[in-house]
Every structure is written in structure tokens, then in C-alpha cells.
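Below is one structure, written out as C-alpha cells; the observations come after it.
Chain A is the first sequence line, chain B the second, and so forth, proteins listed ahead of strands; every chain is numbered from 1. It should be emphasised that the depicted structure is a prediction, and the values quoted were computed from it without experimental measurement.
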Protein chains: 2
Amino acid sequence: MSLRERKKERTRLAILDAALDLFLEQGYESTTVEQIAGAVEISPRTFFRYFTSKDHLVLWFHDHGEQLMVETLRLRPQGEPPFTALMHAVRAVLSDMEGSTEDEHQRFLKLRRILDENPQLIGQSVARGAGTERRLAELVAAHRGVDADTDQLSHLIVAFAMSAMRVGFECPRRDGSVPEITGRMAETIELAERSLRPGWDL
Amino acid sequence: MSLRERKKERTRLAILDAALDLFLEQGYESTTVEQIAGAVEISPRTFFRYFTSKDHLVLWFHDHGEQLMVETLRLRPQGEPPFTALMHAVRAVLSDMEGSTEDEHQRFLKLRRILDENPQLIGQSVARGAGTERRLAELVAAHRGVDADTDQLSHLIVAFAMSAMRVGFECPRRDGSVPEITGRMAETIELAERSLRPGWDL
DNA sequence: AACCTTTCTGTCATAGTGTGCCACAAGTCA
DNA sequence: TGACTTGTGGCACACTATGACAGAAAGGTT
């Protein structure tokens, strides 16, 4: 990893940390890009070279998780029921989260508090993921040998899986350590699996 | 209905129609508020008095449907399983849609095409509904006699219901008349109900 | 070291969304 | 008609976001 790349990574994290702290201190809406840029001593223009938008700061983790899900999904065995495969992909995200550094954990906990205080941002993350959700539905449809444009079940499978993940992330809203939260997310996933009729996703 | 109110309603619909047509002609992003305002001969300032944002134009129907759902939900019998009650609320939205005027149908079909071409807007509608989804979860939790903050199942019930509604709305993506589309949405709802284990939402 | 190339950064200009404020016009009612 | 309420337009302003360009920093070459 070159000096250049390391510096970029350091700047990116500095922006992210400054922003998360400012959001917690004075609220998401009340914090401007100018303030964030000022806190890390860069120009506002440079901010937008690291993050495509203000929202992007909050959706950073979401993007990461989503990418991980897609990758995991491609590696699942062909014969596996689609919903089960998706649940494994979600679990891969949980494992990744548990295995990250203490700094990452802190960022995750801060982010969770910010999302809790700004419900519209949770929807924003769905907004960002809408395209991916559609792509996932296409993967599932292909796997099931049906047409993604007309098969409702493929879309429903993905929508249910993402719902379970989202509910696990948001609820319960009590604070806690990262392992506690991922533990509860795992519970929600199992709850979702138990709620569905065996073989519904074939 | 006073002259004032009728005039307001007429202006609102004029704005909406002009905007939907412009979005279809030249795309959502490429259309500015100034253009929309110009097309109905009002000032941009006045536009924002009718719609809180550009997004709001597209989310207009969503807001309407959501409001209808909450109202329906309050009228459902106490003993009914929560998910069943939610499904009835969704059906109430479908009936309302089927019972509206030809103009409303045209707007709905245009909107559907716009949403199809701009996937991020679908997520936006979820973003807008995030708060309501939380409130619905609280209603469900109260109904089940549990604490909304800690009970994951209540949130999952609402999330699944909203997923089913969304999938029904988006998919299949073929065009069709309003009754065809609502018919397919009803199918998706039934599919969701069949996919779940009986008694899962008690 | 001096040099050139590539990449990053800041400045400036610009477009677009959204809001507060105030004067004025339109509608409502006595 | 006159008083009152509400809607409208114009203006200034804050904020997000992007394109263009010049200069600084990093990387490699001789």
C-alpha cells in the first residue's frame, strides 16, 4: 500500500469520524459539509471527492455490507434455497462486523445512534440499496430459472430477507456492545426463518 | 367546499400533472422546479407551498396510501392477527385505487412509469415512510401487548407487510391498466400470506 | 539531485433545492 | 364597502453538489 493510498485512507476516516461526532453533537441536518471539511482542514470541494454526498457518510457501512452480501451470495452452493442463501449472506455481514477493529466498532455504534435519531436516514439506505435489491432479485430469479420481470416470488424473497436484516439492525433500540447487537441481529434472522413456511422459496 | 379550496386543489393537480408529464418527457433529474412552475405559470416559491419538495410530487400517492392504511388499521377488530389486519389495510388501499377517477388512474400509471425509470425514488418512498413504519410497529406492539422498543416480531410483521405491498407495486414491471395492476398486487399479497407459517404473527 | 508524470487539492463559478421575510393581491365575511 | 384572513410573488439567503482549471504533492526515472 503506497503512501498515497494510506494518506487517502487516513483522510477518509478522519472525515468520517469528524462527521459522525458532529452529527451526534448537533444533529445531522444542522451539520453542514463546510463544518465537516473545516474540522479536518480540507476544502468542501475535497470532501465531495471522498464522499459523493453528505448522505454517503451515513451509508458508508451500508455500501460495505451490501457489497459483501453480493459476493457471499455468488459463492453459495447452487442447490441451496434462495432465502437460505440470502440469510447466509446476511450472516457473513455479521461475522465481518464482529471481526473488525475497535475503531470500526466505535464508528458502527455512533452510526447506529445517528440513524436512531434520524429515521429518514434508514429509508435513505434503502433508497441507495434499491438498485442492488433489484439486482439481487435478478440473481435469485436466474437461480430459480424464472423471469425476474414477471416473477413476484423472487422479489418477495429478497424483500423479506432485506427486511429481516433491517429490523435486526434497528431493533431493539437499546444500546449495547457490538457483539450484543450482532447477537440480536442473528436472533432476528432466525425469527424470520422460523416465521416462513418451509419450502416457500423454492 | 369554498372557492379558495377548489382553486387550491385545481392548482395542486395542475402542478402534479405538469410535473409528471415533464418527468416522463425529459427525466426526473433533468426537470427543474423552475420548469414545472413555469408550465403552470406560478412562481417557484409557490410551488414549494404546494409540495414540500420535488420528491414530494412522486411521494404524493404514497402519502395518501399510507394515511389510508393507518386509518383502516385502527378500524380492524381487536382479536385479528396483526399481519392479517395489515393485509386488510393494504387491500383498502387497492380498493381506493380501483374506485378513483380516470384522471387519478392516468396519474397513477404515469407515476408507475416514472418510478420504474428511477429506482432510487422507490427507496425515497420508503425513506418517507420510515417514520410511519415505526409508528405502525408501535401500533402492532401495543395490540400484541409487548414493548415496541424490544420486540422484534412486531417490527418484522410490519416490515414484511410493507415489503409485500412494495413488491406488488413494482413487480411485474409490464404495463397494464389500473385493474390489472391492482389485481397483480392482490396476488402478491396472497402470495405473501401463503408464504408465512400460520400463527407466526401472534 | 533534477526531471517528468500522475494524482490530489483548493479556488472559483455555477446550477439547483429549499426557506424566511415582506409587501401585495385575492378570497371571505360583516 | 370595509376589515380580516389567506395565498402569492419577489427577494435574499443557506446549503448541497458539480465542472473547470491551476498549482501542489507523490511517484518514478535518469
To the nearest Å, how far apart are [X] [atom1] and [N] [atom2]?
X	N	atom1	atom2	value
B:Phe47	D:dG7	CZ	P	17 Å
A:Glu34	D:dC13	CD	C1'	14 Å
A:Glu29	D:dT16	CD	P	9 Å
B:Tyr28	C:dT17	OH	C1'	10 Å
B:Lys54	C:dT19	NZ	P	15 Å
B:Lys8	D:dT5	NZ	C1'	12 Å
A:Glu5	D:dG28	CD	P	11 Å
B:Ile36	C:dG16	CD1	C1'	12 Å

Checklist entry - How is A:Thr31 classified with respect to the nucleic acid when contacts are heavy atoms under 4.0 Å: base, sugar-phosphate, or nothing? => result sugar-phosphate
State whether [X] and [Y] are salt-bridged, where the test is any N-O pair (Lys NZ or Arg NE/NH1/NH2 against Asp/Glu carboxylate O) under 4.0 Å.
X	Y	answer
B:Arg107	B:Glu104	yes
B:Arg91	B:Glu193	yes
A:Glu138	A:Arg135	no

Main-chain N/O of [Y] paired to [X] side chain as donor or acceptor, under 3.5 Å:
X	Y	value
A:Ser100	A:Asp96	yes
A:Ser30	A:Gln26	yes
B:Arg144	B:Leu202	yes

Next on the checklist: Can you confirm if the NZ or CZ of A:Lys110 lies within 45° of the ring axis of A:Phe23 and under 6.0 Å from the centre of its six-membered ring?
Outcome noted: no
For nucleotides 22-27 of chain C, print each protein N/O atom paired with a nucleotide N/O atom at under 3.5 Å, atom names and distance only.
residue : atom : partner : partner atom : Å
C:dG27  : N3   : B:Arg4  : NH2          : 3.3

Next on the checklist: Can you tell me how the ring of A:Phe160 sits relative to the ring of B:Phe160, calling it parallel under 30°, perpendicular over 60° and tilted otherwise?
Outcome noted: parallel
Item to check | Global bending angle along the helix from C:dT5-D:dA26 to C:dA30-D:dT1, which compares the axes of five pairs at either end, to 10 degrees | outcome: 10°
What's the closest nucleotide to the side chain of [X] if the choices are [options]?
X	options	result
A:Phe48	C:dT9, C:dG16, D:dT18	D:dT18
A:Tyr50	D:dG9, D:dT16, C:dC8	C:dC8
B:Ser43	D:dG9, D:dT16, C:dG10	D:dG9

Next on the checklist: Quiz question: by atom type and distance under 3.5 Å, do the side chains of A:Gln124 and A:Gln120 form a donor-acceptor pair?
Outcome noted: no
Next on the checklist: So, does A:Thr32 get its side chain near the phosphate of D:dC15, meaning an N or O under 4.0 Å from OP1 or OP2?
Outcome noted: no
Item to check | Donor-acceptor pair (no angle test) under 3.5 Å: B:Arg45 side chain, D:dG7 base | outcome: no
